[in-house]
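Reviewing the structure listed below.
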Amino acid sequence: MQLTTDPRAAARALAEGHLAALPTETVYGLGARADLPHAIARVYATKGRPADHPLIVHVRDAGAASAWTTDAPPYAHDLARAGWPGPMTLVLPRSPRAANFVTGGQDTVAVRVPSHPLMREVLDVLAGLVDDPDVGIAAPSANRFGHVSPTTAAHVTAELGSLLADADVVLDGGASSVGVESTIVDCTGPLPVLLRPGHVSADDVRRITRLELGASSDVRAPGTLASHYAPRAGVRLVASDGLEGLEGVDGYDASIGLLALDDVPTPPGLVRLSSPATADEYARVLYAALREADALLLGTVLAVPPPPEGIGAAVVDRLTRAAAGR
Ligand code: TXA
Ligand code: MG
């Protein structure tokens, strides 16, 4: 495995059918060319991910997205115009380009135009190398299945380094600026359905599309399992007044970590993992804090969630899933 800051090295590895862990504004992805079945098979094997869990195809622009999809409704075009490049994924009926090995056998495909400058450069260079402006990089989050997503290159090398081959690349693009995975919108029905909350909020989708959100979807999104995004430590959601009278204990698996906005004081003996000032910062530090809890061998993480508006809703969603994970 080669650790680099050069997007061209990552593009070359991808062009040759190797894997590249890539920075995006949401989290790091484990990328492979979306048209190469053997490369995609390695993504699944490296993650330990079940083969029927579909991948997101990352492309350069909305034009390239339309090469992977068909029958996009007008509201999907509105979302693409307003939200791309950026932390939003659209699920649409697939075109013949999107093969079963990417879609998990479903008739839909998830597409996203990322905004991270290095990721965009990888896509541009790769498009030149393979002579295909619509080239796609399939990339799930670069973590073992069910675990916490990585937001730095160091998270990726710690978790997947020993599983990657010599010719694979990890591209270091700094810490992800959003910190939680993209908003996923199912665009296969008459109304948009929010499959996974993220930086683009439900209100944003309503405002952009001038539609109500559909309540249910026929689309299967396995990554939205109840138990996901889980560290080894047990995660528990608490209200800030639930911390009163609490005291920490020392010792393996007995120590308690705390994750809360900075106006919440730390009870005696608890290990303060992070004190974000805003919900945006909470999202940005969330996964690093959960990894830190495991590095410190904490038994429990108490999380006081931010208000569930905007990206706060995505933080509450991930904390709830992390809490269901053990
Ligand atoms: O921010 C992100 O979305 C990151 C970065 C790397 O782009 N990627 C990511 O990928 O979170 P992953 O594989 O960990 O999560 C992808 C989610 C899963 O919940 C999967 O079920 C859903 O996308 N998905 C993919 N294709 C789908 C499809 N055709 N229909 C419904 N859901 C789909
Ligand atoms: Mg994931």
Side-chain angles (χ1 to χ4, degrees), residues 19-32 34 40 43-44 46-59 65 68-70 83-95 98-116 118-120 122-123 136-151 155-156 159-160 171 173 176-189 193-200 217-230 283 287 311 314 317-318 321-322 325:
L19 305 189
L22 302 165
T24 86
E25 66 279 19
T26 57
V27 300
Y28 275 67
L30 182 62
I40 298 294
V43 170
Y44 280 92
T46 306
K47 275 190 65 95
R49 177 174 175 129
D52 61 346
H53 282 215
L55 304 178
I56 296 173
V57 178
H58 300 71
V59 290
W68 291 84
T69 60
T70 56
W84 284 345
M88 180 189 73
T89 297
L90 302 183
V91 173
L92 286 159
R94 65 172 166 178
S95 79
N100 283 333
F101 58 82
V102 170
T103 70
Q106 306 198 72
D107 292 333
T108 55
V109 64
V111 286
R112 172 160 110 81
V113 179
S115 66
H116 192 293
L118 287 195
M119 178 68 174
R120 297 185 62 73
V122 172
L123 280 162
I137 300 175
S141 53
N143 52 276
R144 294 283 292 169
F145 179 65
H147 193 224
V148 178
S149 294
T151 53
H155 294 164
V156 178
E159 184 154 344
L160 299 181
L171 178 61
S176 298
S177 59
V178 173
V180 294
E181 301 81 355
S182 60
T183 304
I184 304 181
V185 186
D186 171 10
C187 300
T188 61
V193 178
L194 200 63
L195 296 179
R196 181 172 71 183
H199 186 263
V200 175
S217 151
D218 296 336
V219 158
R220 212 168 39 83
T224 51
L225 291 173
S227 84
H228 232 79
Y229 314 104
Y287 290 145
I311 197 167
D317 172 77
R318 303 310 191 276
R321 293 177 198 284

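Order of listing sets the numbers, starting from 1, for every ligand and every atom in it. Just so it is clear, the structure is predicted and the values come from calculations on it, not from any experiment. We're numbering straight along the sequence, starting at 1.
For the pair Tyr287/Asn143, no side-chain contact is recorded, criterion being any heavy-atom separation below 4.5 Å from C-beta on. Here the side chains of Leu22 and His58 are not in contact, with every heavy-atom distance at 4.5 Å or above. Using a 4.5 Å heavy-atom threshold, the side chains of Thr103 and Trp68 count as separate.
The shortest N or O to N or O distance between Ser182 and ligand 1 is below 3.5 Å. The N/O atoms of Thr24, backbone and side chain alike, include none that comes under 3.5 Å of an N/O atom in ligand 1. Among the atoms of Thr108, some N or O lies under 3.5 angstrom from an N or O of ligand 1. In terms of polar-atom proximity, defined here as any N/O pair under 3.5 Å, Ser141 does make such a contact with ligand 1.
Shown here for Pro140 and Lys47, the closest heavy-atom pair between the two residues is CG-CD, 3.3 Å. The two residues Leu19 and Ala32 come nearest to each other via the heavy atoms CD2-CB, 3.8 Å. Nearest heavy atoms, Pro50 versus Tyr44: O-CE2, 3.3 Å. Of all heavy-atom pairs between Ser182 and Arg318, the closest is O-NH2, 4.3 Å.
At a heavy-atom distance under 4.0 Å, only side-chain atoms of Gln106, from C-beta outward, approach ligand 1. Proximity of Met88 to ligand 1, defined as any heavy-atom pair under 4.0 Å, is not found for any part of the residue. At a heavy-atom cutoff of 4.0 Å, ligand 1 is contacted by no atom of Asp186, backbone or side chain. Residue contacts with ligand 1, taken as heavy atom pairs separated by less than 4.0 Å, involve His58 solely via side-chain atoms from C-beta onward.
Rounding to the nearest 0.5 angstrom, the gap separating the OG1 atom in Thr69 from the CZ atom in Arg94 is 12.5 Å.
Those atoms of ligand 1 with a heavy atom of Pro54 less than 4.0 angstrom away are 20 (C), 24 (N), 25 (C), 26 (N), 27 (C), 28 (C), 33 (C). Interface of Val109 with ligand 1, defined as ligand atoms under 4.0 Å from a residue heavy atom, comprises 29 (N). Per-residue contacts place Ile184 under 4.0 angstrom from the following atoms of ligand 1 (heavy atoms of the residue considered): 17 (C), 22 (C), 23 (O). Atoms of ligand 1 lying under 4.0 Å from any heavy atom of Gly29, numbered from 1 in the order shown and given with element: 6 (C). In the vicinity of Ile56, heavy-atom distances shorter than 4.0 Å reach the ligand 1 atoms 3 (O), 8 (N), 9 (C), 10 (O), 16 (C), 23 (O). Remark: ligand 1 atoms within the under-4.0 Å shell around heavy atoms of Pro140 are 10 (O), 12 (P), 13 (O). Of all atoms in ligand 1, numbered sequentially from 1 with element shown, those under 4.0 Å from a heavy atom of Arg112 are 1 (O), 5 (C), 7 (O). When each atom of ligand 1 is checked for a heavy atom of Thr26 under 4.0 Å away, the hits are 1 (O), 2 (C), 4 (C), 5 (C).
By heavy-atom distance, the residue among Val102, Asp52, Leu55, Val27 lying nearest atom 4 (C) of ligand 1 is Val27.
Under a 4.0 angstrom heavy-atom cut-off, Arg94 registers as lying outside contact with ligand 1. At least one heavy atom of Arg196 sits less than 4.0 Å from an atom of ligand 1. Judged by the shortest distance from any of its heavy atoms, Thr103 lies outside the 4.0 Å radius around the atoms of ligand 1.
Looking at Tyr28, its side chain does come within 3.5 Å of a backbone N or O of Gly173 through a donor-acceptor pair. A donor-acceptor distance shorter than 3.5 angstrom exists from the side chain of Arg120 to the backbone of Pro114, with no hydrogens or angles considered.
The side chain to side chain contact (heavy atoms under 4.5 Å, CB included) test with Arg196 is passed by exactly one of Val185, Ile184, Asp186: Ile184.
In the model, Ser141 has no side-chain atom that pairs as donor or acceptor with a side-chain atom of Glu181 under 3.5 Å. Checked by atom type, the side-chain pair Thr26/Arg112 shows a donor-acceptor distance below 3.5 Å.
Here Ser141 meets the criterion, with an N, O or S atom under 2.8 Å of the Mg ion (ligand 2).
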